Protein chains: 2
Amino acid sequence: MNKTNENIKKCHKCLIKSNAANKLNFTELDELDESCVQVTFKASEIIFKQGALSSNIIYLSSGLVKIVIDGPNREQILKVIKAPCYLGIPTTVGDKINHYSAIALEKTTACFVDVSTFKNFIKLNSDFAYEVILDLCKNELDQFQRCVNLVQLQMHGRMAKQLLFFANEIYCSDEFELPLNRNDFANLLCSSREIVSKILSEFNNEGIISLNGKKIKILDKEKLQFIYQNG
Amino acid sequence: MNKTNENIKKCHKCLIKSNAANKLNFTELDELDESCVQVTFKASEIIFKQGALSSNIIYLSSGLVKIVIDGPNREQILKVIKAPCYLGIPTTVGDKINHYSAIALEKTTACFVDVSTFKNFIKLNSDFAYEVILDLCKNELDQFQRCVNLVQLQMHGRMAKQLLFFANEIYCSDEFELPLNRNDFANLLCSSREIVSKILSEFNNEGIISLNGKKIKILDKEKLQFIYQNG
DNA sequence: CATAAAATGTGAAACATTTCACATTTTTAT
DNA sequence: ATAAAAATGTGAAATGTTTCACATTTTATG
């Protein structure tokens with residue numbers, strides 16, 4: 001029955017699985033398959049919006065997403081996350097209201113899983129539950145680190161850190177195209193559009209990066225590392 | 001057998017239970033009781049230290065604790081938490097290394113639960129697991145909010161917010177004694193000792209609070225709320 | 001109780017960032 | 001292709017915060 005790829009069910013096929021989904025057995029994967037809808041988003045499309053009700057857990061199988069929250073003074077980008085990962089567990093599991101928005105930064109494939117199915121897996125498969133707990137724990141520690149960096153580093157340090165993050169964690173290359181415009185980049189670094197422009201120009205003039213619009217090539221990684229650790 | 005209070009086992013007696021522990025049955029509470037050690041900390045004593053290995057989940061049954069992380073430039077107080085609550089799940093469940101320190105701000109009673117017992121409960125009691133997940137989710141959303149406030153509000157707003165937090169959430173009274181000295185208060189608000197002094201004096205002179213060393217009485221809550229929402 | 005040590009208060013200078021203004025470039029829509 | 005709209009770059013002034021210096025108060029210790 002499963003001889004050709006086409007006959008393999010969606011969730012069995014979706015090979016880039018989370019640690020949690022890896023703990024599911026075939027019957028459970030079938031069940032996931034039944035209650036799961038896959039949607040593809042284009043860049044800049046809203047996956048879910050702050051304030052709206054939510055009844056799905058979302059698993060990103062491919063793509064890049066920004067997590068945005070309306071702050072008292074401006075929009076803040078809490079983080080940029082890359083598939084494969086879960087999205088919106090805290091929101092959906094808690095009070096059902098999205099406390100932030102998720103917006104695609106590039107073509108992104110998302111699986112919407114009904115929260116009751118998700119809860120059922122937690123109930124019936126303790127390995128799955130434990131992996132979800134691990135995932136949430138990791139997110140919490142990461143968020144602490146981001147917060148400390150935002151608050152304690154000056155802009156040059158934050159910029160250096162973020163460029164290294166894009167190169168090392170997101171694109172796995174020293175050459176990449178920024179997925180954000182200057183304004184969004186400022187909202188991610190918690191600064192202003194103007195400062196972002198100025199510092200990028202500065203880094204460019206000093207030969208730390210080469211800059212051409214959104215195209216960035218990191219030329220001196222050690223220097224960036226130094227700026228991050230001393231600014 | 002359980003006629004007098006003294007005969008009731010520790011974890012059955014520890015009535016201020018977490019939502020998670022409420023899902024445990026009597027047998028499980030007995031098991032928790034066996035593998036759980038209760039310790040009392042005096043103010044300023046370290047409950048666990050950043051960098052050290054950890055193999056316990058901690059449940060605070062009474063007291064007040066500060067969560068401290070060594071930042072690149074200074075020590076940062078991530079949050080002040082009040083019993084009853086869990087402590088250190090992300091740390092213990094993840095890589096076993098404490099990513100922050102926990103220090104008692106007043107007499108605090110903490111139950112150290114072996115992580116294998118904890119994992120066992122997650123495995124065997126899905127309601128327990130789900131409550132733990134809920135708890136972690138709530139923490140994540142709270143942390144987002146704290147981070148946004150820290151980054152987007154100016155010092156007057158952050159100070160107003162923190163005073164309201166102490167009054168409303170921690171002490172449930174408009175009159176309280178700060179559990180932190182000026183330096184720690186600065187580390188919590190991510191500012192300097194001097195600014196904290198100046199703003200507290202200012203609030204005092206303007207009749208928003210009455211200030212006497214660490215003793216604070218909030219006189220004009222509406223004004224604080226206004227400063228928080230506009231600063 | 002006396003003395004040292006730690007914590008706190010406060011003005012002035014130094015600093016980083018934000019805001020403003022406006023020129024320029026790039027993108028979008030017709 | 002061309003006009004309109006959006007995004008970007010950059011200097012200068014305004015602002016908020018940090019740092020420094022030092023006086024004062026409070027707390028700890030013998």
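Chain naming here is simple, since letters A, B, ... match the order of the sequence lines and numbering starts at 1 in each. A quick note: this is a predicted structure, and the numbers were derived from the prediction, not measured.
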Q | Nearest heavy atoms of Ile58(B) and Ala110(B), plus distance in Å | A | CG2-CB, 3.8 Å
Q. Starting at CZ of Phe203(B) and ending at P of dG9(C), how long is that distance when rounded to a whole Å?
A. 14 Å
Q: Taking ring-ring contact (aromatic ring centres under 6.0 Å, His included) as the test, write out the residues that go with Phe203(B), two or more places apart.
A: none
Q) In whole angstrom, what separates Lys214(A)'s NZ from dT8(D)'s C1'? A) 9 Å
Close N/O contacts between protein and nucleotides 24-30 of chain D (under 3.5 Å):
none

Q: Kindly write out the residues that satisfy ring-ring contact (aromatic ring centres under 6.0 Å, His included) with Phe165(B), not counting sequence neighbours, or none if the list is empty.
A: none
Q. Please give, in whole Å, the distance from dT18(C) C1' to Arg182(A) CZ?
A. 19 Å
Q. What is the ring orientation for Tyr100(B) with Phe144(A), classed by angle as parallel under 30°, tilted 30 to 60°, or perpendicular over 60°?
A. perpendicular
Q.
Tell me every residue that passes side chain to side chain contact (heavy atoms under 4.5 Å, CB included) with Asp33(B), counting only those two or more places apart in sequence or in another chain.
A. Lys9(B), Lys10(B), Cys11(B)
(Q) If the condition is ring-ring contact (aromatic ring centres under 6.0 Å, His included), which residues does Phe118(A) pass it with, not counting sequence neighbours? (A) Phe128(A)
Q) Asn204(B) CG to dG9(C) P: how many Å, rounded? A) 10 Å
Q: Write down the distance between CG (Leu200(B)) and P (dG9(C)), rounded to a whole number of angstrom.
A: 7 Å
Q: List in chain and number order the residues that pass salt bridge (Lys or Arg N to Asp or Glu O under 4.0 Å) with Asp174(B), two or more places apart in sequence or in another chain; answer none if no residue qualifies.
A: Lys221(B)
Q. Between dT10(D) atom P and Leu211(A) atom CG, what is the distance in whole Å?
A. 10 Å
(Q) With each end axis built from five pairs of C1' atoms, what bend angle do you get for the helix from dC1(C)-dG30(D) to dT30(C)-dA1(D)? Round to 10°. (A) 60°
Q: Tell me, please, which residues at least two apart from Thr117(A) pass side-chain hydrogen bond (donor to acceptor under 3.5 Å, both in side chains).
A: Ser35(A)
Q.
Expressed as a whole number of angstroms, how long is the span from Glu202(A):CD to dT17(C):C1'?
A. 13 Å
Q.
Under the rule for side chain to side chain contact (heavy atoms under 4.5 Å, CB included), what residues qualify as partners of Val37(B), not counting sequence neighbours?
A. Val39(B)
Q.
Taking side chain to side chain contact (heavy atoms under 4.5 Å, CB included) as the definition, give me every residue that meets it alongside Thr40(A), ordered by chain and number, with sequence neighbours left out.
A. Lys107(A), Thr109(A)
Q: Applying side chain to side chain contact (heavy atoms under 4.5 Å, CB included), name anything that partners Leu150(A), two or more places apart in sequence or on another chain.
A: Gln76(A), Arg158(A), Cys190(A), Cys147(B), Val151(B)
For nucleotides 15-22 of chain D, print each protein N/O atom paired with a nucleotide N/O atom at under 3.5 Å, atom names and distance only.
residue: dT17(D); atom: OP1; partner: Met155(B); partner atom: N; Å: 2.8
residue: dT18(D); atom: OP2; partner: Ser191(B); partner atom: OG; Å: 2.6
residue: dC20(D); atom: N4; partner: Glu194(B); partner atom: OE2; Å: 3.3

**Q.** Spacing of Leu180(B) atom CG relative to dA7(C) atom P, expressed in whole Å
**A.** 13 Å
Q: Could you work out which one of dT8(D), dA7(C), dT10(C) sits closest to the side chain of Asn181(B)?
A: dA7(C)
